**Student:** 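The structure that follows is given in the form of structure tokens.
Just so it is clear, the model here is predicted, and its values are computed rather than measured. Counting begins at 1 with the first residue of the sequence.
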Amino acid sequence: YVCGDLNQVAEKGLLGRAEVVVVDPARAGLARSVVGYLLNCGAKRVVYVSCNAATLARDLQLLCGGTAAVSAAHQGKQPWRQTGGKGSKSSSAGTAESAGQAISMFRLLSWATIDMFPQTDHVETVVVLDRVSAA
């Protein structure tokens, strides 16, 4: 169990494999390095709590999307970044191959909106993602 800012925890090398990851980012959404970690950490499930529907939609595209999303998520330096061959391709099974190694994506399992502040326009959204097994 590790609790903290995922960017800072990753920099300190405290992250390893995970079964379930719960993220609750600021309104700006997930950093690209965090998306890269989530795609590569081996977690079977991600629970994403969001206060911003626009950044949630962007991040879901990266986590559940296609090859372009994986390429975008892997830009920059990440300690968990995979290295290897050139190019990338995607399959209909929801996986993509990036840097020569297969990366399994996630699928949206369920979501719920919670109106914690009824006198405002803001709602919290909780999304559960399950990893799609590599074919």
Side-chain angles (χ1 to χ4, degrees):
Y1 178 82
V2 177
C3 180
D5 182 312
L6 198 50
N7 284 321
Q8 293 174 4
V9 173
E11 288 174 8
K12 294 178 183 177
L14 299 175
L15 294 175
R17 301 302 254 178
E19 289 288 320
V20 176
V21 177
V22 178
V23 294
D24 185 2
R27 291 189 67 74
L30 297 175
R32 294 298 157 261
S33 59
V34 173
V35 172
Y37 168 75
L38 292 173
L39 290 172
N40 288 294
C41 73
K44 294 177 184 174
R45 177 165 286 173
V46 173
V47 178
Y48 189 133
V49 180
S50 176
C51 62
N52 185 336
T55 56
L56 173 62
R58 180 202 65 205
D59 294 342
L60 289 178
Q61 175 61 36
L62 293 172
L63 293 167
C64 302
T67 304
V70 173
S71 297
H74 286 275
Q75 292 177 355
K77 292 184 177 181
Q78 295 113 17
W80 48 82
R81 186 173 185 185
Q82 298 178 1
T83 58
K86 296 181 182 179
S88 62
K89 61 183 179 181
S90 61
S91 72
S92 60
T95 62
E97 187 175 303
S98 176
Q101 301 209 10
I103 297 173
S104 19
M105 307 297 281
F106 291 92
R107 70 178 176 87
L108 180 63
L109 180 66
S110 63
W111 73 92
T113 55
I114 302 160
D115 190 358
M116 295 175 58
F117 311 102
Q119 63 276 36
T120 70
D121 294 337
H122 300 286
V123 295
E124 294 287 314
T125 304
V126 180
V127 175
V128 178
L129 305 172
D130 273 354
R131 187 170 297 278
V132 176
S133 299

**Student:** Please say yes or no: joined through hydrophobic side-chain contacts below 4.5 Å, possibly via intermediate residues, are I114 and V22 part of one cluster?
**Tutor:** yes
**Student:** Any side-chain heavy atom of V49 sitting closer than 4.5 Å to one from V23?
**Tutor:** no
**Student:** State whether the side chain of D59 and the backbone N or O of L30 hold a donor-acceptor pair below 3.5 Å, judged by distance alone.
**Tutor:** yes
**Student:** Taking all atoms of both residues into account, what is the closest heavy-atom pair of V127 and L129, and its distance?
**Tutor:**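 That closest heavy-atom pairing would be CG1-CD2, 3.7 Å.
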**Student:** I'd like to know if the side chain of S50 and the backbone of T125 have a donor-acceptor N/O pair within less than 3.5 Å.
**Tutor:** no
**Student:** What is the distance from atom CG of N52 to atom CZ of R58, rounded to the nearest 0.5 Å?
**Tutor:** 8.5 Å
**Student:** Among D130, L62, V132, V46, which one satisfies side chain to side chain contact (heavy atoms under 4.5 Å, CB included) with F106?
**Tutor:**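 Going through the options one by one, the only one that passes is V46.
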**Student:** Please give me the minimum heavy-atom distance between C41 and V21, naming the atom from each residue.
**Tutor:**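 Scanning both residues, the minimum pair turns out to be SG-CG2, 4.2 Å.
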**Student:** Which heavy atom of R131 sits nearest to which heavy atom of L38, and what is that distance?
**Tutor:** NH2-O, 3.0 Å
**Student:** Can a donor-acceptor pair be found, under 3.5 Å and without considering hydrogens, that links the side chain of R45 to the backbone of V128?
**Tutor:**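 Such a contact is absent between R45 side chain and V128 backbone.
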**Student:** Hey, could you give me the CG/CH2 distance between L56 and W111, rounded to the nearest 0.5 Å?
**Tutor:** 11.0 Å
**Student:** Return the minimal non-hydrogen interatomic distance between Y48 and P25, and the atom names on each side.
**Tutor:** OH-CG, 3.5 Å
**Student:** Give the minimum heavy-atom separation between Y37 and A18, together with the two atoms involved.
**Tutor:**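 Heavy atoms of Y37 and A18 come nearest at OH-CB, 4.0 Å.
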**Student:** For the residue pair C51 and R27, what are the closest heavy atoms and their distance?
**Tutor:** O-NH1, 2.8 Å
